[in-house]
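To start, the structure itself, in structure tokens.
Side chains are part of it too, since the values below use all heavy atoms of this structure and drop only hydrogens, waters and symmetry mates.
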Amino acid sequence: MMQGKLWFLIRNSKCNLISFSGDYLVAIEEKNKATFLRAYVNWRSKRTENSRVCIRMVGHDVEAPFSETFRDQMSIVEMPLSEAPLCISCCPVKGDLLVGCTNNLVLFSLKYQIINEEFSILDFERSLVIHIDNITPAEISFCVGYVAVMSELEVLIVKLESDPKNRESVNHHPHKTTNPTKQAEGISNETSQLESDDFVICQKPMELLGEKSKQSGISVTLESTGLAGEKIKYFHVRHLLYRRFAPDISSCLLSDDVRLHSLQLLPIYQTGSLTSDRKNSSQEKVLLSLFCFFSLPHVGYLYMIVKSVELLSVYQYPEKSQQAVLTPQFLHVITSNNLQCYTVRCSAAAAREEDPYVDTTLKACPPISMDVCALRIQLFIGLKAICHFKNHVVLLTKADPETVPERRESPKRFLSRKGTSVNPKTPPVAEAGWNLYIVNTISPVQLYKEMVDYSNAYKTAKTQSCIHLLSEAHLLVRAALMDASQLEPGEKAELLEAFKESCGHLGDCYSRLETQHSHLALPYYKMSGLSMAEVLNRVDWAVEDGPQKYERGLIFYINHSLYENLDEELSEELSAKVVQMFYAAEPKQLPHILCSPSMKNIDPLTAIKYLRKLDTSGFSSVLVTLAKAAMALKMGDLDMHRNEMKSHSEMKLVCGFILEPRLLIQQRKGQIVPTEFAVHLKETQPGLLVASVLALQKNNKIGIEEADSFFKVLCGKDGDTIPQLLVDFWEAQLVACLPDVVLQELFFKLTSQYIWRLSKRQPPDTTPLRTSEDLINTCSHYGLINPWVNVLISSESLVDKNYMEDLSKLQSLICGPSFDIASIVPFLEPLSEDTVAGLSVHVLCHTRLKEYDQCIDRLLERCPEAVIPYANHELKEENRTLWWKKLLPELCQRIKCGGEKYQLYLSSLKGKIIFFA
């Protein structure tokens, strides 16, 4: 049955096309010298060759009673046109139909007529007419609003825009324009005056990209064929590409077949992550990139459009081509006797559109500029046509009994833009010798394996051929994964495994071969999923003659991986090989790579042996010293460690830690981990440790929260418990006045800690590095403590030195110029006023808030001997009136009342009188 349908189309049509997205077949048919455009729908339901066929006009409404009839029979949809159709194209995404005529293109939108809940029939709606001048379409291609038109030697690509900003570009009335046939005749009359049998006049080649393609002289306007009130799908046209070719006039006679052919728009859809197990459905397809291919007999051209218009590849054929078909993986070309297969760069271009991390240290993809190559040439006799579906190539051949010489014409037929109609000849009905072949293409995984096996011949030669071949294999697998909707779960898993394997092979090439792109070893190895140990085990460490040579790609990968704090520890053997490698190739990096967490298992004696061999004249000797000190500490040689640390001043040692922070701080599984070196400095040189971490923060080598976490982990404190070393670090931050530190947050941290320790009478877990006197003398944020505070404090005996230090630091901060008092008052509740320490802090805060009346009352109640020093210091200038209005009346009143503090009040009054006297 299927063969009968195909034969029917071949016999009765001069152009036919099947739409897989719309599941219909459309044909341009000739009968009795008349041309018809017909679509065959519901053709899968035709049970026998003699089954009934329904014929209806496009847009004809079908009544519900006919549902059972339409369900089991094929329908032919007649599509009347004002001009004879020349060519057709179906949108591969939505199934819409575009028909090319001499003066215009007609768009039929695919739709479904719903008969009832169980049955609907396919139909078309004539929605748009695209009027084109000065070009007669020989082939057209249509895909989601992109239109490509090709004549014998010209190609035009435009996009139908849905943005209504240029609404005036669409007409609802019949389009009126100059007849292009008359224009062509005018051009012909002008040029014929100059022509003779000895001259050929043709226009020069031209390529116009983007908006410049408007200068081609081809006008494109839109006419909506729907009603004025209906929703318009396309509003205006955006020009993308115009390409014109000139005929080759190097020979005296030109072939009649020197013309463009095989125009095609190929879409590639969004796929998501290559490692995702999600299976895309047709509803999820999102257009990612679009490619346009067209060809001359000996040269093919592949362009990328959508975001930008760019020529990707040029294909040179060894013999004259007849037709070509483009797929995401290959370009299939037929000549008279050969089927040729070429590689394409569609997947490489689409990968860069889809993933912004391609061409970074994270991901890589072979360049689109890489030369294409021929994969296979297969002999077929009498090839006439080719098409492609999934993994099948369909070939139509005709074995000619004898060679028929090609007809030659005068070169005059190549004059510019003459209105020539396209009339491809069809074989007579009775002509025999036609054959149809369906060729199954080799699976991507099998072809990939063959290419990898073949590339092994180039491994020892160290040439670019190995990289080129493996890059082609990688793109082959990548292209197959981009069409994951056609894959079974098992096939996708196999392709993903091949993808990772290909990345590993490319990583090997770039790591071992001397090339300017050796840095690509890093992203390819990352994409391969190989661990650093697995990569090192793939290296050939055996050298027969001379010293081992390590290429830049491998060094770059290992160096970068060791800097990334990977949660992988190399064995002692591999660590020693890495040290040997860097000593030979990059000695300056040796101290750095020894500090990597991945090198934890390195033998300290081996590391020190290579460190001592280094010539420190070319780089920082203090870094080498610190690396040797760390290794000495690792093997328990404290004398050697002390000697190394004494060889430089503390300032230089701090500079060394800035050069390599991992001497002190490392990250494992996302957590801050202090090194053994840092733990030792905590016990022996805490001041150097705090200064070093402060320098790291100042040089943006560590963040504020990371530094806080480091000291907590170092001191073994969890949760809200704050070690004294962290308090020392906060105080050092204030002293250093770091620009990126938020002062009020730092004040809050310190005051909260001072208040907590004072309220709990909790001593610091280690001796503070700075006293309150040191902070007052070195930091402007710590102010001088008011004199009356000393009188208040001396009223009680405070023998705890640590308690006094915390109290003095808190009082000094409150007296400083930068402290925001209002922010800390709510947190003073744990510090009771029943103690002299708590009273002094509360009075200081309320004094800074200018609440003098309240402060005088508290001092008179709790410490009358401090009230006069307080008034002398605080009640000045505009506050002097409080002496008479507040302090003097209060003293007199309390003296009259007598009591235990009578003598204190009396002494205070005498002091006041003496002061005024």
- Query: Do F499 and H474 have ring centroids that are under 6.0 Å from one another?
  - Reply: yes
With rounding to the nearest 0.5 angstrom, report the [atom1] to [atom2] distance, [X] to [Y].
{"X": "S598", "Y": "D567", "atom1": "OG", "atom2": "CG", "result": "8.0 Å"}
{"X": "W730", "Y": "Q724", "atom1": "CH2", "atom2": "CD", "result": "10.0 Å"}
{"X": "L659", "Y": "C595", "atom1": "CG", "atom2": "SG", "result": "10.5 Å"}
{"X": "R848", "Y": "C855", "atom1": "CZ", "atom2": "SG", "result": "12.0 Å"}
{"X": "M527", "Y": "L522", "atom1": "CE", "atom2": "CG", "result": "11.5 Å"}
{"X": "F582", "Y": "I558", "atom1": "CZ", "atom2": "CD1", "result": "6.5 Å"}

Any donor-acceptor pair under 3.5 Å linking the side chain of [X] with the backbone of [Y]?
{"X": "D728", "Y": "P768", "value": "no"}
{"X": "N699", "Y": "A695", "value": "yes"}
{"X": "E586", "Y": "K588", "value": "no"}
{"X": "S575", "Y": "M599", "value": "no"}
{"X": "K652", "Y": "S647", "value": "no"}
{"X": "E568", "Y": "A533", "value": "yes"}
{"X": "S812", "Y": "S808", "value": "no"}
{"X": "N777", "Y": "E773", "value": "yes"}
{"X": "R352", "Y": "C365", "value": "yes"}
{"X": "S596", "Y": "I593", "value": "no"}

Can you find a heavy atom in the side chain of [X] that is under 4.5 Å from one in the side chain of [Y]?
{"X": "H519", "Y": "H560", "result": "no"}
{"X": "L813", "Y": "L734", "result": "yes"}
{"X": "Q697", "Y": "I704", "result": "yes"}
{"X": "V735", "Y": "R770", "result": "yes"}
{"X": "C845", "Y": "L828", "result": "yes"}
{"X": "C715", "Y": "T766", "result": "no"}
{"X": "I755", "Y": "V841", "result": "no"}
{"X": "H505", "Y": "Y524", "result": "no"}

Heavy atoms only: give me the nearest [X]-[Y] pair and the separation to one decimal.
{"X": "Y870", "Y": "V843", "result": "CE1-CG1, 4.1 Å"}
{"X": "I658", "Y": "P661", "result": "O-CD, 3.7 Å"}
{"X": "I793", "Y": "M804", "result": "CG2-CE, 4.1 Å"}
{"X": "T675", "Y": "I665", "result": "CG2-N, 4.0 Å"}
{"X": "Y510", "Y": "H517", "result": "CD2-O, 3.2 Å"}
{"X": "C509", "Y": "L470", "result": "SG-CD1, 3.3 Å"}

Apply side chain to side chain contact (heavy atoms under 4.5 Å, CB included) to [X] and list each qualifying residue two or more places apart in sequence or on a separate chain.
{"X": "E572", "result": "D603"}
{"X": "V673", "result": "R668"}
{"X": "T767", "result": "none"}
{"X": "S780", "result": "none"}

- Task: Provide the full list of salt bridge (Lys or Arg N to Asp or Glu O under 4.0 Å) pairs with a residue in residues 741-750, sequence neighbours left out, each pair given once.
- Result: D708-K749
- In short, salt bridge (Lys or Arg N to Asp or Glu O under 4.0 Å) pairs touching residues 807-831 with sequence neighbours left out are E731-K809
Acceptor/donor pairs from residues 676-683 side chains to any protein atom, 3.5 angstrom cut, sequence neighbours excluded:
none

Residue pairs passing the ring-ring contact (aromatic ring centres under 6.0 Å, His included) test where at least one lies in [range], sequence neighbours excluded:
{"range": "residues 761-786", "value": "F747-H781"}
{"range": "residues 820-847", "value": "F748-F827"}
{"range": "residues 694-722", "value": "F711-F729"}

- Item | Listed partners of T361 passing side chain to side chain donor-acceptor pair (under 3.5 Å), at least two apart | none
- Task: Please identify each residue that fulfils side chain to side chain donor-acceptor pair (under 3.5 Å) with Q744, with sequence neighbours left out.
- Result: none
- Flag if over 12 foreign heavy atoms under 6.0 Å of CE, M635: yes
- Can you tell me if CD on E851 sees more than 12 non-hydrogen neighbours from other groups inside 6.0 Å? yes
- Can a salt bridge be assigned to the pair E805 and K801 using a cut-off of 4.0 Å between side-chain N and carboxylate O? no
- Is there a donor in the side chain of E551 and an acceptor in the side chain of S518, or the other way round, less than 3.5 Å apart? no
- Message: If only side-chain N and O atoms count, and only distance matters, is there a donor-acceptor pair under 3.5 Å linking S561 with Y525?
- Response: no
